[in-house]
There are 2 protein chains.
Amino acid sequence: MADINVSPAQRRTTSGTAAAGAEPTGRDPAYELIELMFFAYRDFVGDPDHVLERYQFGRAHHRVLHFVFRHPEIRVADLLDILKITKQSLARVLKELVEQGFILQKEGQVDRRQRLLAVTEKGRALALELAKLQTERFARAIAQSGTTRDQAVRFLYAMIDPEGREDVTRMITQADRALQRGKER
Amino acid sequence: MADINVSPAQRRTTSGTAAAGAEPTGRDPAYELIELMFFAYRDFVGDPDHVLERYQFGRAHHRVLHFVFRHPEIRVADLLDILKITKQSLARVLKELVEQGFILQKEGQVDRRQRLLAVTEKGRALALELAKLQTERFARAIAQSGTTRDQAVRFLYAMIDPEGREDVTRMITQADRALQRGKER
DNA sequence: ACATTTATGTCAGCCATGTTGACATATTCG
DNA sequence: CGAATATGTCAACATGGCTGACATAAATGT
């Protein structure tokens, strides 16, 4: 309650469309938003970064751990598809996560070529710890900015390429359901 | 007007505080927001990435070019301070930007140890092109999400570490003024 | 005036994480 | 059975961070 910050927006009078004598070549660049996005993301990933140092892990490990946590028994190919990296890149970090006991691989039951990935209890704990850090940042940001959670969701969603939105939506709801099933069991 | 998208938020009923029989260890992780932020940022930097390929530049070049564009005659030390990288890292990309005529360095008038950095006309053009791509993404996101620009600004601002906010605010307003002076001249 | 500090540059090497290309293995499928 | 698929692995390379050490020129303090 104490921390309603003075935001840069309060110093602004106009926004967007140039009223001054500029060329009519589209709209004014939104430098403020661009830079805020840059710094916001930097801090957003900064929290987990610090924790991951404990295990000599980097952001790549975080991403793998997070999405494996969110998609228990995910196939390697699907994980690659989410991360949009090559299997060689994945192999390096995945190897370390497996060796240190955060993730385990098991042979697929229906298709034995598959190496299904899932987090161990240790992996779950770390993934949760990192997610909570980021969740708290969002909670603070939402509260302090006077936005609603849904506004933030809609805004970030709309920042994604239109072609990719459907996939992301599907992915998220699917993960939510999978995690829900895990809890019930 | 045609493109009011169906956002993931519309499928949700509750949000945040767990009503189910979970442990009262803080709030539910905001996986949706976390992942949306990840994909939003990926696409946000993706646009410039494609353009930069033309010059064999990467994101590092983009960041340098952008902040030099925004802070004409910036000192090397100040640029390092904004980017939070080492001078050795900066040197590599800066060298290429100078060699290819996007940025020029001039000796400081008052303190001749300084190498003040500024974009050339070519550099300005590229920086503007990239900024416009990102601006369009924001404009779309704001329009389609039914947020206001100020809401977005306040939200992103509040995502930044509290300790860093003042600096960011100061930096942005200062850059705005510098750019304004440049226009008037 | 001279010693110190400051602003910047540079060399060398390391690390993390991405890439491509080629090839191996096991399994499934038509 | 042969082709396609899922995965793993080896080797080499690119990018962009990092540390440490050292060099130079200019400013600054006593």
Side-chain angles (χ1 to χ4, degrees), chain A residues 38 41-42 45-46 48-50 52-68 71 73-100 103-118, chain B residues 38 41-42 45-46 48-50 52-68 71 73-100 103-118:
Chain A
F38 173 65
Y41 192 78
R42 178 198 267 178
V45 293
D49 280 357
H50 302 316
L52 290 158
E53 275 175 28
R54 293 203 303 249
Y55 310 94
Q56 307 217 286
F57 287 160
R59 285 182 202 176
H61 300 84
H62 183 196
R63 292 200 274 269
V64 171
L65 179 65
H66 176 91
F67 285 108
V68 170
H71 300 263
E73 314 243 309
I74 191 174
R75 293 186 313 136
V76 170
D78 290 338
L79 182 54
L80 292 177
D81 212 58
I82 291 174
L83 297 173
K84 296 227 177 79
I85 58 175
T86 57
K87 62 179 172 177
Q88 295 92 328
S89 286
L90 173 62
R92 247 181 328 221
V93 295
L94 184 55
K95 193 181 155 214
E96 291 164 346
L97 285 164
V98 170
E99 279 171 1
Q100 296 196 37
I103 288 181
L104 47 82
Q105 310 174 270
K106 48 181 149 181
E107 200 171 69
Q109 291 295 294
V110 296
D111 185 336
R112 284 166 45 222
R113 288 170 304 181
Q114 295 172 177
R115 294 297 124 83
L116 305 183
L117 308 174
Chain B
F38 172 66
Y41 192 78
R42 177 198 268 179
V45 294
D49 280 357
H50 302 316
L52 290 157
E53 275 175 28
R54 294 204 301 249
Y55 310 94
Q56 307 219 285
F57 287 160
R59 283 182 203 176
H61 299 84
H62 182 195
R63 292 200 274 268
V64 171
L65 179 66
H66 176 90
F67 285 108
V68 170
H71 301 263
E73 314 241 310
I74 191 174
R75 294 186 312 135
V76 170
D78 291 338
L79 183 55
L80 292 177
D81 213 58
I82 291 174
L83 298 173
K84 296 227 176 81
I85 58 174
T86 59
K87 61 179 172 176
Q88 295 93 326
S89 288
L90 173 63
R92 249 182 323 222
V93 295
L94 184 55
K95 194 180 155 214
E96 291 165 346
L97 285 163
V98 170
E99 279 171 0
Q100 296 195 38
I103 288 182
L104 47 84
Q105 310 173 270
K106 46 181 150 182
E107 201 171 68
Q109 292 292 294
V110 297
D111 185 336
R112 286 168 42 225
R113 286 171 305 182
Q114 296 172 176
R115 293 296 126 83
L116 307 183
L117 308 174

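Every chain is numbered from 1 and lettered A, B, ... according to where its sequence line falls, protein lines coming before strand lines. This structure is a prediction, so every number in the text was calculated from the model and none was measured. All values below come from the heavy atoms of this structure, side chains included, with hydrogens, waters and symmetry mates left out.
By the side chain to side chain contact (heavy atoms under 4.5 Å, CB included) test, E107(A) is found to be paired with R112(A), R115(A), residues two or more places apart in sequence or in another chain being considered.
Using a 4.5 Å heavy-atom cutoff, the side chains of H50(B) and E53(B) are in contact. Using a 4.5 Å heavy-atom cutoff, the side chains of L116(B) and R75(B) are in contact. Side-chain contact check for H61(A) versus Q56(A): every heavy-atom pair is 4.5 Å or farther apart. With contacts defined as side-chain heavy-atom distances shorter than 4.5 Å, the pair H71(A)/L79(A) does not qualify.
Distance E99(B) CD to dT10(C) P: 10 Å, rounded to the nearest Å. One interatomic measurement links the two molecules: CZ of R59(A) to C1' of dA16(C), which rounds to 11 Å at whole-angstrom precision.
Taking the six-membered ring where tryptophan is involved, the planes of F67(B) and F38(A) are tilted, since the angle between them lies from 30° to 60°.
Projected onto DNA chain C by closest heavy-atom contact, I85(A) and Q105(B) fall at different nucleotides, the more 5' of which corresponds to Q105(B).
The two atoms that bring V93(B) and A60(B) nearest to each other are CG1-CB, 3.7 Å, heavy atoms only. Pairing each heavy atom of L97(A) with each of L65(A), the nearest pair is CD1-N, 4.2 Å.
Residue H61(A) places at least one side-chain N or O closer than 4.0 Å to OP1 or OP2 of dT17(C).
Atom NE2 of H62(A) sits about 12.0 Å away from atom OH of Y55(A), to the nearest 0.5 Å.
Of all nucleotides in DNA chain D having an atom under 4.0 Å from a heavy atom of chain B, the first and last in 5' to 3' order are dG16(D) to dA27(D).
No engagement by Q56(B) is indicated, since no non-hydrogen atom pair under 4.0 Å with the nucleic acid exists.
DNA chain C lies under 4.0 Å from no heavy atom of any residue of residues 74-82 of chain A. Using a 4.0 Å cut-off on heavy atoms, the residues of residues 86-96 of chain B that approach DNA chain D are T86(B), Q88(B), S89(B), R92(B), listed by number.
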- Chi angles and distances behind the side-chain contact (heavy atoms from CB on, under 4.5 Å) call for L94(A), L117(A): CA-CA 10 Å; L94(A) 184 55; L117(A) 308 174; 4.0 Å; yes

Only pairs under 3.5 Å count here: list side-chain donor-acceptor contacts from residues 80-89 of chain B, not counting sequence neighbours, and write none if there are none.
residue: T86(B); atom: OG1; partner: S89(B); partner atom: N; Å: 3.4
residue: T86(B); atom: OG1; partner: S89(B); partner atom: OG; Å: 3.3

If you restrict it to nitrogen or oxygen atoms, what contacts under 3.5 Å exist between nucleotides 26-29 of chain C and the protein, and what is each distance?
residue: dT27(C); atom: OP1; partner: R112(A); partner atom: NH2; Å: 3.1
residue: dT27(C); atom: O2; partner: R113(A); partner atom: NH1; Å: 3.3
residue: dT28(C); atom: OP1; partner: R112(A); partner atom: N; Å: 3.0

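Heavy-atom contacts from other residues, nucleotides or ligands closer than 6.0 Å to CD of E99(B) number more than 12.
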